[in-house]
Amino acid sequence: MNPSPEIHRRLMYILFRALNDARSLALGGRSAQVVELTDAVENLPSYMNNWHDDSLEAIRFQLRNYEGKFPDEVGYSHFLESGPVPERY
């Protein structure tokens, strides 16, 4: 089973944003936050390749856990369901 094309596109965008944000955080010397961010998104490819009924909820949990630790940063879970995701990035 695979995620829907829309969810797949949103997950790829979240991974793209997280990688870019991790680079910016690292350049700013915020290595502890880089660790938390990469922990939140490291399993996205595995979920995408091994999609199950509960995958979306597990991803949402991981993203919201990160957001709870860094509430003033990017809200990745927003992009999971309703946030605007560009066609090209």
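Looking only at side-chain heavy atoms (C-beta outward), E81 and R10 stay at 4.5 Å or farther from each other. Counting heavy atoms from C-beta outward, R17 and V74 have side chains that approach closer than 4.5 Å. You'll find the side chain of L80 reaches within 4.5 Å of the side chain of L11, heavy atoms only. A 4.5 Å side-chain heavy-atom check between Y66 and L37 finds at least one atom pair inside the cut-off. Side-chain contact between L63 and V41: present, with at least one pair of heavy atoms (C-beta onward) separated by less than 4.5 Å. Under the 4.5 Å side-chain criterion, counting only non-hydrogen atoms from C-beta, H8 is in contact with M48.
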List, one per line, each side-chain donor-acceptor pair under 3.5 Å for residues 21-31, sequence neighbours excluded.
unit_1	atom_1	unit_2	atom_2	d
D21	OD2	Y76	OH	2.4
R23	NH2	N20	OD1	2.4
S24	OG	N20	O	3.4
R30	NE	Q33	OE1	3.3
R30	NH2	Q33	OE1	2.7
R30	NH2	E73	OE2	2.8

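The 12-atom threshold is exceeded at CG of D54, counting heavy atoms of other residues, nucleotides or ligands nearer than 6.0 Å.
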N50/M1 under side-chain contact (heavy atoms from CB on, under 4.5 Å): CA gap, chis, key distance, verdict = CA-CA 7 Å; N50 302 292; M1 179 190 255; over 6 Å; no
request  = Determine, step by step, whether M12 and Y89 satisfy the side-chain contact (heavy atoms from CB on, under 4.5 Å) criterion, reporting the C-alpha distance in whole Å, the side-chain angles of both residues, the deciding distance to 0.1 Å, and the verdict.
outcome  = CA-CA 10 Å; M12 292 298 290; Y89 45 87; 3.3 Å; yes
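Between the OG atom in S77 and the CZ atom in R64 there is a gap of 5.0 Å [rounded to 0.5 Å]. A distance of 11.0 Å separates CH2 in W51 from OG in S46, rounded to the nearest 0.5 Å. Distance check, rounded to the nearest 0.5 Å: CD1 of I14 to CD1 of I59 gives 7.5 Å.
P45 and L15 get closest at one heavy-atom pair: CG-CD2, 4.2 Å. In plain terms, the two heavy atoms of P86 and R9 that are nearest each other are O-NH1, 3.4 Å. Summarising the geometry of P84 relative to Y13, their closest heavy-atom pair is O-CE2, 4.3 Å, with the distance given to 0.1 Å.
Using a 4.5 Å cut-off between side-chain heavy atoms of Ile, Leu, Val, Met, Phe, Trp and Tyr, with links allowed through other members, V34 and F16 fall into the same hydrophobic cluster.
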